[in-house]
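Notes for the one structure printed next.
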Amino acid sequence: MGKLVNDQGEALFPEDLRLITHWGLRDELKSNYSDENGLEKQKMVYEVMKRIIDQSIPQQVINNNEYTWNPFSNTLYKDNQSITFRSEPDTRYEHLLNNFISNKKLDPYYPNYPTYLRRQFESNMEIPQEDVWKLFTEFISSAQVKEVAELISQRLGRPLEPFDIWYNGFKPRGTYTEEQLDKIVGQKYPDVQAFQKGLEQLLLKLGFTKEKVAHLTSNIKVEGSRGAGHAYGSLIKTDNALLRTRIGASGMDYKGYNIAVHEFGHNVEQVITLHDIDYYTLSGVPNTAFTEALAFIFQKRDMALLGLEEKDPLKEHMEALSNFWSCYEIMGVSLVDIKVWEWMYANPNANPAQLKNAVISIAKEIWNEYYAPVFGVNDEPILAVYSHMIASPLYLSNYPLGHLIDFQIEQYIKGKNFATEIQRIYLLGSIIPQEWMRQAVGMELSIQPTLQAAAEAVKTVR
């Protein structure tokens with residue numbers, strides 16, 4: 001990132017900053033809402049994203065700091081002289097296509113679920129694709145979308161940009177800048193061992209007993225990550241759940257910490273639903289969205305766990321707006337993911353270039369229908385940037401479902417003992433999704449609680 005320059009030849013980012021796609025780029029963009037020159041940086045990051053999506057990014061600038069690059073004009077420089085270059089040769093879409101080819105080869109072995117789409121939704125998630133599509137399109141078509149968008153525009157003091165789908169100004173970060181948070185986190189967690197040791201205090205602050213804390217932490221191992229971060233559960237009680245997050249030479253930064261708290265939520269679920277469940281065959285959760293829900297519940301408490309949370313009478317409404325806007329963003333991304341897989345099944349002999357054109361076309365189609373009326377600009381490809389779509393086939397729908405589940409759980413446990421309720425809820429195990437929801441929070445999975453809370457929050461915050 002330190003080798004990126006604008007049209008005036010100015011570098012906007014630190015010399016040693018390296019970011020992965022899409023997580024690092026997205027999180028850097030989100031962090032710049034509190035930066036004095038944030039808008040200019042955000043526009044540059046978005047240009048990089050678009051070059052990655054359409055594969056016009058010079059191959060030489062990928063994981064290489066020997067060149068200077070202007071992503072706006074797509075000009076590459078070596079020793080201050082512009083040079084010719086070769087673009088990345090549709091590698092991104094070749095990988096996606098290979099995932100499709102591999103999974104399609106399994107189709108004959110699943111006569112009841114003869115496509116990967118059917119297997120992912122009806123078998124793995126146990127929620128039909130049609131139901132998921134209906135939930136998402138009703139949500140992103142709701143009247144609350146424009147109301148929240150207008151509020152964001154007012155808070156920013158400018159018209160919305162396409163990348164404002166990642167607006168994070170509703171998060172209760174108080175008066176702390178990204179640099180201050182990096183310093184606080186780096187001092188607290190200088191290395192992997194420090195964070196491993198710190199897991200105990202995080203759980204105690206959340207209300208878990210000392211006995212339960214010892215049980216949970218003894219079954220979770222922290223490791224440094226080369227990627228954005230990840231949680232990986234064990235299938236046997238003699239192994240550990242793994243928590244991976246990025247920790248640089250100067251210690252963990254706030255982005256790494258925020259991700260680590262998210263992954264820690266996964267790990268807590270993984271240990272509870274493996275070690276404490278009464279029948280091993282019911283271990284786990286109904287589908288991945290339910291573990292994402294607990295990860296989100298943990299992640300939103302990251303400031304409180306640092307002891308930095310400030311008293312804010314609008315906190316509950318701000319959290320409702322943050323959850324709503326996150327749903328709006330990721331639901332569109334999920335719809336693109338679904339439509340791309342439908343296109344691949346309809347065009348099984350496509351090559352990477354044809355797939356690239358299809359993905360961009362589908363991303364623009366979803367954008368134009370559900371986002372352009374709100375943002376006032378057509379044909380934006382931003383919904384196609386997520387790396388999950390390339391590396392984790394049809395995973396993305398778990399995130400918006402997780403946000404919906406997270407919100408319903410939060411409403412239910414309000415005023416109750418956090419640790420007690422989390423343990424009760426997640427000990428339901430891997431029963432069918434809607435029965436899990438009924439027993440957990442007394443109602444089925446629904447978009448209505450999130451929509452109603454957002455409408456009320458807009459009125460109150462205004």
Side-chain angles (χ1 to χ4, degrees), residues 103 106 109-113 116 118-128 196 199-200 202-203 206-223 229-244 261-298 392-395 397-399 401-402 404-406 408-409 412-413 417-442 444-445:
N103 281 289
L106 297 174
Y109 301 96
Y110 292 88
N112 293 328
Y113 307 102
Y116 183 71
R118 292 276 302 277
R119 291 194 292 279
Q120 186 68 1
F121 286 97
E122 295 175 31
S123 179
N124 295 342
M125 293 178 66
E126 296 186 298
I127 304 176
Q196 176 79 62
L199 296 183
E200 179 179 326
L202 298 181
L203 289 172
L206 290 169
F208 289 89
T209 65
K210 288 185 177 180
E211 294 75 18
K212 181 54 69 174
V213 168
H215 169 64
L216 290 168
T217 55
S218 67
N219 287 287
I220 298 171
K221 181 181 179 183
V222 180
E223 296 180 342
H230 187 59
Y232 204 86
S234 171
L235 296 178
I236 55 174
K237 296 182 180 181
T238 53
D239 200 2
N240 292 320
L242 298 178
L243 189 164
R244 295 191 175 105
V261 176
H262 176 98
E263 306 305 341
F264 189 34
H266 283 303
N267 293 139
V268 169
E269 172 273 305
Q270 289 159 351
V271 174
I272 289 173
T273 60
L274 173 63
H275 290 262
D276 302 342
I277 204 76
D278 47 358
Y279 294 102
Y280 178 81
T281 48
L282 284 178
S283 61
V285 285
N287 63 50
T288 310
F290 289 80
T291 186
E292 290 296 350
L294 190 57
F296 291 137
I297 288 170
F298 269 58
S392 304
L394 288 176
Y395 185 91
S397 294
N398 289 293
Y399 287 118
L401 290 174
L404 296 175
I405 297 164
D406 149 31
Q408 288 181 256
I409 291 175
Y412 182 83
I413 67 175
N417 182 281
F418 176 87
T420 300
E421 284 300 312
I422 290 303
Q423 290 172 86
R424 176 192 68 81
I425 289 170
Y426 278 86
L427 277 176
L428 292 170
S430 57
I431 59 178
I432 61 173
Q434 294 295 19
E435 181 59 27
W436 193 99
M437 290 296 293
R438 283 190 287 268
Q439 292 191 37
V441 299
E444 293 190 352
L445 177 63

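Residue numbers run from 1 in the order of the sequence given.
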Work out which heavy atom in [X] is nearest to a heavy atom in [Y]; give both atom names and the distance.
{"X": "Val213", "Y": "Leu203", "answer": "CG2-CB, 3.6 Å"}
{"X": "Glu126", "Y": "Ile431", "answer": "OE1-O, 4.4 Å"}
{"X": "Ser283", "Y": "Leu274", "answer": "CB-CA, 4.3 Å"}
{"X": "Ser234", "Y": "Asn240", "answer": "CB-O, 3.7 Å"}
{"X": "Val285", "Y": "Ser430", "answer": "O-CB, 3.5 Å"}
{"X": "Ile432", "Y": "Pro286", "answer": "C-CB, 4.3 Å"}

[Y] backbone acceptor or donor facing [X] side chain under 3.5 Å:
{"X": "Glu263", "Y": "Ala231", "result": "yes"}
{"X": "Arg244", "Y": "His230", "result": "no"}
{"X": "Gln120", "Y": "Leu394", "result": "yes"}
{"X": "Ser218", "Y": "His215", "result": "yes"}
{"X": "Arg424", "Y": "Ala440", "result": "yes"}
{"X": "Arg118", "Y": "Tyr110", "result": "no"}

Look up atom [atom1] in [X] and atom [atom2] in [Y], then write down how far apart they are to the nearest 0.5 Å.
{"X": "Phe264", "Y": "Ile220", "atom1": "CZ", "atom2": "CD1", "answer": "4.5 Å"}
{"X": "Asn287", "Y": "Ser397", "atom1": "CG", "atom2": "OG", "answer": "10.0 Å"}
{"X": "Leu294", "Y": "Ile409", "atom1": "CG", "atom2": "CD1", "answer": "7.0 Å"}
{"X": "Ile405", "Y": "Phe296", "atom1": "CD1", "atom2": "CZ", "answer": "10.0 Å"}
{"X": "Asn398", "Y": "Met125", "atom1": "CG", "atom2": "CE", "answer": "5.0 Å"}
{"X": "Thr273", "Y": "Gln423", "atom1": "OG1", "atom2": "CD", "answer": "12.5 Å"}

- Single hit among Asn267, Leu202, Asp406, Leu206 for side-chain contact (heavy atoms from CB on, under 4.5 Å) with Phe298: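 For Phe298, the side-chain contact (heavy atoms from CB on, under 4.5 Å) test succeeds with only one of Asn267, Leu202, Asp406, Leu206, which is Leu206.
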Check whether any side-chain heavy atom of [X] lies under 4.5 Å from a side-chain heavy atom of [Y], and answer yes or no.
{"X": "Tyr116", "Y": "Leu106", "answer": "no"}
{"X": "Pro433", "Y": "Leu445", "answer": "no"}
{"X": "Met437", "Y": "Phe290", "answer": "yes"}
{"X": "Gln434", "Y": "Arg438", "answer": "yes"}

- Item | Flag for Glu200-Thr217: side-chain donor and acceptor within less than 3.5 Å | no
- Task: Determine the interplanar angle of the Tyr426 and Trp436 rings, folded into 0 to 90°, and report it as parallel if under 30°, tilted if 30 to 60°, perpendicular if over 60°.
- Result: perpendicular
- Query: Taking only residues two or more places apart in sequence, or in another chain, which ones meet Ala295 in a side chain to side chain contact (heavy atoms under 4.5 Å, CB included)?
  - Reply: His262, His266, Glu292
- Task: May I have the step-by-step check of side chain to side chain contact (heavy atoms under 4.5 Å, CB included) for Leu216 and Ile272, ending in yes or no?
- Result: CA-CA 8 Å; Leu216 290 168; Ile272 289 173; 4.0 Å; yes
- Message: Please determine whether the number of non-hydrogen atoms from other residues, nucleotides or ligands lying under 6.0 Å from atom OH of Tyr232 exceeds 12.
- Response: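 It does not: Tyr232 OH has 12 such atoms or fewer within range.
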